[in-house]
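Here is the structure we will look at, set down as structure tokens.
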2 protein chains.
Amino acid sequence: MDKQISQAVIRRLPRYYRYLGELLDDGVERISSNDLSKRMHVTASQIRQDLNNFGGFGQQGYGYNVAYLHDEIGKILGVNDTHNVIVIGAGNLGQAIAGYVKFERVGFKIIGLFDVNPELKGKMVRDLPVKMLDELPDFIKNNDVEIAALTLPKSNAKATALKLVSLGVHAIWNFAHVDLDDIPDVVIENVHLSDSLMQLSYNITQHKK
Amino acid sequence: MDKQISQAVIRRLPRYYRYLGELLDDGVERISSNDLSKRMHVTASQIRQDLNNFGGFGQQGYGYNVAYLHDEIGKILGVNDTHNVIVIGAGNLGQAIAGYVKFERVGFKIIGLFDVNPELKGKMVRDLPVKMLDELPDFIKNNDVEIAALTLPKSNAKATALKLVSLGVHAIWNFAHVDLDDIPDVVIENVHLSDSLMQLSYNITQHKK
DNA sequence: AAAAGTTTGTCAAGGATTTAACAATCAAGT
DNA sequence: ACTTGATTGTTAAATCCTTGACAAACTTTT
């Protein structure tokens, strides 16, 4: 049985992954927790502690092999495999997410874009046509959909999420400004942009004092 | 001198604000920490503890007045005033942010949209024309710009941020996939979408076990 | 007006996370 | 091969955050 890893640690992993990727691009072969800590502005102790939740990836007197550690963190995060994503809601944000090439580089492939608005039907966003929501059941049946990004008004979010789960999608990347807890058997990751903006606003006010 | 409030608390304030707004819309006049805790799936103790960082907003035997508390949290977050925002980078994401009406309801007004690409010059996004980056200094001089949203490739993000700060913008809402720490005298709020997606990916993997 | 019931604000305990410290281990130089 | 220096993995201390508990203060009922 695996020990439960805290979300505090998980939140930091993508950042390690990013820095290691950059080091890799720069041709750096090895790095010590101390050097990495200086670049990332965190403590070396935290880095070692975090990594050791998953195993001993380093070596005394040497440090960490960049390529190896990068790959291991990739495995932990599950970004070495491909994940198929559909986007529900083809408004501005939905189109932006659907058109975001970057995600594919880390294993996330957008394979469908859906909306209720008939005016959008067939509209091309990058190489994807907007499909109508009633095509969803068939689409999910015929494609291996792992994640649904919800970029729709909050009034429809809960019902759509329930529908998705009943169709077999068990991971939701939620941009709607509503909480989707109390849906069983689904993994939710929220991106609440307004909340983020309000935090910024708070910190501005504090900063001025 | 104010006691420093932890970011853990600040992160929860927008959520309280949202729930209180909904209660307000529903015509609910008062609520106890206990009732609110059930709706929000947090402990009542946490709610009381969080609020008491900022003052005693409730009353024994009565609870909290919804309208009053909503307004007070609004003040704390600084969303009762208007904040002018410019968006740097008029790609998909930049256009989505610039076109997002919702933000205005919580006091954030998008007043400018900038890019380097001459092909986009003058293109209308909602009621805003895309301006070129070299118009930025004048624009900032003539408008009260408080926040800049950075929706541009990471290669340009750092330099642009430095420029913005030198022009007098001291708050950055950063969507670029890069860290902008070590810039002095600026408040940064990061929205790293890839990171969020990777967290989701990790949690999917865990869920399957 | 008193009694019963409710609910806050706050203190203290408990739990979680972060940092510091250092023995154990390996690498590199002599 | 031995010594020196570097760096990890891990333990323990320190800090931070969350929860439980309850007196004090208010509301409502009788």
So, is [X] near the phosphate of [N], with a side-chain N or O under 4.0 Å from OP1 or OP2?
X	N	answer
A:Arg30	C:dC26	no
A:Arg48	D:dT8	yes
A:Asn52	D:dG9	yes
B:Tyr64	C:dT6	no
B:Thr43	D:dT18	no
B:Tyr62	C:dG9	no
A:Gln46	C:dT18	yes

Confirm from the modelled atom types if [X] and [N] form a donor-acceptor pair under 3.5 Å, side chain to base only.
X	N	result
A:Gln49	C:dT19	yes
A:Gln59	D:dT7	no
A:Ser6	C:dA16	no

Original post:
Taking the inter-plane angle between the rings of B:Phe57 and B:Tyr68 on a 0 to 90° scale, is it parallel (under 30°), tilted (30 to 60°) or perpendicular (over 60°)?
Top reply: perpendicular
**OP:** Anything under 30° is parallel, anything over 60° is perpendicular, the rest tilted; go ahead and classify B:Tyr17 against B:His70.
**Re:** parallel
Original post:
What is the nucleic acid contact for A:Ser45, judged by heavy atoms within less than 4.0 Å: base, sugar-phosphate only, or nothing?
Top reply: base
Subject >> Between A:Phe103 and A:Trp173, ring centroids under 6.0 Å >> reply: yes
Original post:
Are the aromatic ring centres of A:His207 and B:His170 under 6.0 angstrom apart?
Top reply: no
Original post:
Rounded to whole angstroms, how far apart are CG on B:Leu69 and P on C:dG9?
Top reply: 10 Å
